[in-house]
Amino acid sequence: MRFDSLIIGGGLAGLVCGIRLAEAGLRCAIVSRGQSALHFSSGSLDLLAELPDGTPVDFPLKALDALNQQAPEHPYSLMGAQNVQRFAMESEALLARCNIMLTGSYQQNHLRITPLGTQRATWLSPVEIPVAPLPWQRITVVGIAGFLDFQPELVAGSLAENNINVKTAELTLPALDTLRNNPSEFRAANIARVLDKPEQQLLLIDELKTLAHDTDALFLPACLGGEDDKAWQAISRELPCPLRLLPTLPPSVLGMRLYHQLRRRFQQLNGIMMPGDAVVRTETHKQNISAIFTRNHAEVPLRANHYVLASGSFFSNGLEAKFSGIREPIFGLDIRAPALREEWCHEDFFSPQPYLQAGVAVDKHFQPTIGGQRIENLYAIGSVLAGFDPLQQGCGAGVSMTGALHVAQRILESQGAADESA
């Protein structure tokens, strides 16, 4: 099988890259092993929340010079501030084309309310997520009886520290009794499958109406809208006060929704998804990848003009930690990581961990090397890259999206030059 571009990894980076290439008319395929890390995300997207030295960031673009000085190997530093701005802006436009409605701007971070009721600086958030400063003086945090992945009391305690009058309440929702009887199945995604049914929404509205008195807003765990925000909108219209949703423990309904919307857009553009598949072998010829072979396609080679590695970090097995060191298992790409195993972690669990900055070493075009030799038609994007800490720096989604568009632009330019010479 032959493609213009072939992407390994169907997470945020891989899907965004694939969408941009497919929008330009390229024949593109994505090989994806399993669940994307998006399934475990909050649905919000970070650009840059903190510098490596711990300085908080309010205006991400204005912090890029300091980031370059502190972390010259950070993907943003390699890409350059001008490209970060360009592709952050293009990321927002791409999400809008996918009918993903988010609040926020790359120009300034906002503070979203977390599942614990605290505030976290971020770039973009689903419209259902409450954002500080909260405009309400009286808030009711509503839990669901028997649902352990959301603790209303913890949320209420954090909100009360901001001089807000907070109380908690609980929904019974008899339609969930079947799930309640099996705690391992009583998860946000399964609850959403029940509550997304119109007849169950009517019952939910009735219960919420009884809690909507003497309060300015209701906060509910995000157990609605597995495909889009229509259920939240429909319920909100029937309530006398605003309804906001807070993410739960993974798997996250808001993260899963983001994945499904991106995947839907890619496939609408005739992009080809190969889910549940994995690369088992690659072929290289004259510093170019000539073919990859996957588990499901056996001896049938998958060939492309360009290959993009978006396989993720340790969580997605895009990187492997062995006693001999950290390695990239598909192509055997050169890795940047602490030399000694004892340098991978700090004893303080809550301090930034060095292993999180390990990953594939790339140049300014996000092209990797094998044995110091650049592979001309291969790129790497997303959390497989070295040089950044997505947790401490709050930049994981930004690196994935801007890097994906940076590489897509490079591929489109290369494809255009090849077409002209042909």
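Quick caveat: nothing in here was measured; it's all calculated off a predicted structure. All heavy atoms count here, side chains included; hydrogens, waters and symmetry mates do not.
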Subject >> Any donor-acceptor N/O pair, Glu50 side chain to Leu391 backbone, under 3.5 Å >> reply: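 Not confirmed, Glu50 side chain does not pair with Leu391 backbone.
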**OP:** Indicate the atoms forming the closest heavy-atom contact of Asp389 with Pro352, along with that distance.
**Re:**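 Residues Asp389 and Pro352, closest heavy atoms: OD2-CB, 3.8 Å.
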**OP:** Give the intermediate values and the outcome of side-chain contact (heavy atoms from CB on, under 4.5 Å) for residues Leu159 and Ile113.
**Re:** CA-CA 9 Å; Leu159 293 177; Ile113 306 301; 4.3 Å; yes
Original post:
Checking Asp277 side chain against Arg33 main chain: does a donor-acceptor pair fall under 3.5 Å?
Top reply: no
**OP:** Carefully, step by step, assess Tyr379 and Tyr307 under the rule ring-ring contact (aromatic ring centres under 6.0 Å, His included).
**Re:** CA-CA 6 Å; Tyr379 302 85; Tyr307 298 83; over 10 Å; no
Subject >> Full working for side-chain contact (heavy atoms from CB on, under 4.5 Å) between Leu309 and Ile330 >> reply: CA-CA 9 Å; Leu309 181 67; Ile330 295 177; 4.0 Å; yes
Subject >> pair Pro60-Tyr106: side-chain heavy atoms closer than 4.5 Å >> reply: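 Of all side-chain heavy-atom pairs linking Tyr106 with Pro60, none is under 4.5 Å.
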Subject >> From CD (Gln201) to CG (Leu195), nearest 0.5 Å >> reply: 8.0 Å
**OP:** Output yes when Arg257 and Asp229 qualify as a salt bridge under the 4.0 Å nitrogen-oxygen rule, no when they do not.
**Re:** no
Subject >> Between CD on residue Gln261 and CG on residue Asp228, distance to nearest 0.5 Å >> reply: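 Going from CD on Gln261 over to CG on Asp228, the span is 6.5 Å.
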Original post:
Any side-chain heavy-atom pair from Leu94 and Ile19 closer than 4.5 angstrom?
Top reply: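 Touching, per the 4.5 Å side-chain cut-off.
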Subject >> Verdict with supporting geometry, Leu220 and Leu246, side-chain contact (heavy atoms from CB on, under 4.5 Å) >> reply: CA-CA 6 Å; Leu220 191 69; Leu246 293 175; over 6 Å; no
Subject >> Test item: Trp232 and Arg244 side chains (from C-beta on) under 4.5 Å apart, heavy atoms >> reply: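 SC-SC contact between Trp232 and Arg244 confirmed.
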Subject >> Sidechain-backbone polar pair: Thr114 side chain, Leu116 backbone, donor-acceptor under 3.5 Å >> reply: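 Pair found, side chain donor or acceptor close to backbone of Leu116.
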Original post:
How far apart are the C-alpha atoms of Ser158 and Thr118, what are their side-chain angles, what is the distance that settles it, and do they pass the side-chain contact (heavy atoms from CB on, under 4.5 Å) test?
Top reply: CA-CA 6 Å; Ser158 297; Thr118 57; 3.9 Å; yes
Original post:
Is the count of non-hydrogen atoms from other residues, nucleotides or ligands lying under 6.0 Å from Phe150 atom CZ greater than 12?
Top reply: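 Yes, because the 6.0 Å sphere around CZ of Phe150 holds more than 12 heavy atoms from other groups.
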**OP:** Please indicate whether Gln82 has more than 12 foreign heavy atoms, meaning atoms of other residues, nucleotides or ligands, lying under 6.0 Å from its CD.
**Re:**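 Counting neighbours around CD of Gln82, 12 or fewer heavy atoms of other residues, nucleotides or ligands fall under 6.0 Å, so no.
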**OP:** Check for a donor-acceptor pair, side chain of Arg295 on one end and backbone N or O of Gly276 on the other, with a separation under 3.5 Å.
**Re:**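 Judged by distance alone, yes, a pair lies under 3.5 Å.
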Original post:
So which heavy atom on Arg138 is nearest to which on Thr215, and how close?
Top reply: O-OG1, 3.3 Å
**OP:** Evaluate the side-chain proximity of Thr282 to Phe293: yes if any heavy-atom separation is below 4.5 Å, no if none is.
**Re:** no
Original post:
Below 4.0 angstrom, N of the basic side chain to O of the carboxylate: do Asp149 and Arg187 qualify?
Top reply: yes
Original post:
Which atom pair, heavy atoms only, marks the closest approach of Leu211 to Leu218?
Top reply: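 Nearest heavy atoms, Leu211 then Leu218: O-CD2, 3.7 Å.
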Original post:
Which heavy-atom pair separates Asp196 from Gly226 by the least distance, and what is that distance?
Top reply: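 That would be OD2-N, 2.9 Å.
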Original post:
Taking the side chain from Asn109 and the backbone from Val57, do they hold a donor-acceptor pair closer than 3.5 Å?
Top reply: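 Such a contact is found between Asn109 side chain and Val57 backbone.
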Subject >> Contact check, side chains of Thr168 and Thr140, non-hydrogen atoms, under 4.5 Å >> reply: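 No. Closest side-chain heavy atoms not under 4.5 Å.
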Subject >> CG-OG1 distance between Asn83 and Thr402, expressed to the nearest 0.5 angstrom >> reply: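 Spacing of CG (Asn83) from OG1 (Thr402) equals 9.0 Å.
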**OP:** Would you indicate whether the side-chain heavy atoms of Ile100 and Leu262 approach each other to under 4.5 Å?
**Re:**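 The answer is yes; the side chains approach within 4.5 Å.
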**OP:** Indicate whether the side chain of Asn99 and that of Arg264 have a donor and an acceptor atom separated by less than 3.5 Å.
**Re:** no
Original post:
What distance separates Ser383 OG from Phe314 CZ, expressed to the nearest 0.5 Å?
Top reply: 10.0 Å
Subject >> Leu48 backbone acceptor or donor facing Asp46 side chain under 3.5 Å >> reply: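 Checking the backbone N and O of Leu48 against the side chain of Asp46, no donor-acceptor pair under 3.5 Å is found.
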Original post:
Atom CG in Leu26, atom OG in Ser5: separation rounded to 0.5 Å?
Top reply: 5.0 Å
Subject >> Closest contact, heavy atoms only, Ile381 versus Gly403 >> reply: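 Residues Ile381 and Gly403, closest heavy atoms: CG2-O, 3.6 Å.
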Subject >> Gln108 side chain vs Ser105 backbone, donor-acceptor pair below 3.5 Å >> reply: no
**OP:** In plain terms, say whether Lys286 and Glu376 are close enough for a salt bridge, that is, a side-chain N and a carboxylate O under 4.0 Å apart.
**Re:**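 Looking at Glu376 together with Lys286, the answer is no, because their closest N to O distance does not fall below 4.0 Å.
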**OP:** Return yes if some donor-acceptor pair links the side-chain N/O of Glu328 with the main-chain N/O of Gly332 below 3.5 Å, else return no.
**Re:**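 The answer is yes, because a donor-acceptor pair under 3.5 Å joins these two groups.
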Subject >> Stepwise salt bridge (Lys or Arg N to Asp or Glu O under 4.0 Å) check, Arg374 with Asp363 >> reply: CA-CA 9 Å; Arg374 188 175 75 175; Asp363 62 14; 3.4 Å; yes
Subject >> Note, Phe87 side chain near Met79 side chain (heavy atom, < 4.5 Å) >> reply: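 Phe87 vs Met79: side chains touch.
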Original post:
Taking atom CG of Leu258 and atom OG of Ser44, what is their separation to the nearest 0.5 Å?
Top reply: 9.5 Å
Subject >> Parallel, tilted or perpendicular, as decided by the 30° and 60° cut-offs, for the rings of Tyr259 and His39 >> reply: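 Aromatic pair His39/Tyr259 classed tilted.
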Subject >> side-chain hydrogen bond (donor to acceptor under 3.5 Å, both in side chains) between Thr55 and Asp53, intermediate numbers included >> reply: CA-CA 6 Å; Thr55 303; Asp53 67 3; 2.8 Å; yes
Original post:
Going by an N to O cut-off under 4.0 Å, is there a salt bridge joining Arg281 and Glu299?
Top reply: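 Judged by the 4.0 Å cut-off on N to carboxylate O distance, Arg281 and Glu299 do form a salt bridge.
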Original post:
Do the side chain of Ser77 and the main chain of Ala71 share a donor and acceptor less than 3.5 angstrom apart?
Top reply: yes
Original post:
Any Lys/Arg nitrogen of Asp4 or Arg27 sitting under 4.0 Å from an Asp/Glu carboxylate oxygen of the other?
Top reply: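 So Asp4 does not pair with Arg27 through a salt bridge.
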Subject >> Phe388/Tyr76 under ring-ring contact (aromatic ring centres under 6.0 Å, His included): CA gap, chis, key distance, verdict >> reply: CA-CA 9 Å; Phe388 72 106; Tyr76 289 162; 8.1 Å; no
Subject >> Nearest heavy atoms of Ser311 and Val384, plus distance in Å >> reply: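 Taking Ser311 first and Val384 second, the nearest heavy atoms are OG-CG2, 3.9 Å.
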Subject >> Donor-acceptor pair, side chain of Ser42 and main chain of Pro247, under 3.5 angstrom >> reply: no
**OP:** Scan side-chain atoms only and decide if Arg20 and Gln409 contain a donor-acceptor pair under the 3.5 Å cut-off.
**Re:**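 No, Gln409 and Arg20 have no side-chain donor paired with an acceptor closer than 3.5 Å.
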Original post:
Does a donor on one side chain and an acceptor on the other come within less than 3.5 Å for His110 and Ser125?
Top reply: yes
Original post:
Are any non-hydrogen side-chain atoms of Arg303 and Met1 less than 4.5 angstrom apart?
Top reply: no
Subject >> Under 3.5 Å side-chain donor-acceptor pair for His74 and Gln357 >> reply: no
Original post:
So, Glu73 and Arg336, do they make that salt bridge, N to O below 4.0 Å?
Top reply: yes
Original post:
So does Asp65 have more than 12 non-hydrogen atoms from other groups sitting under 6.0 Å from CG?
Top reply: no
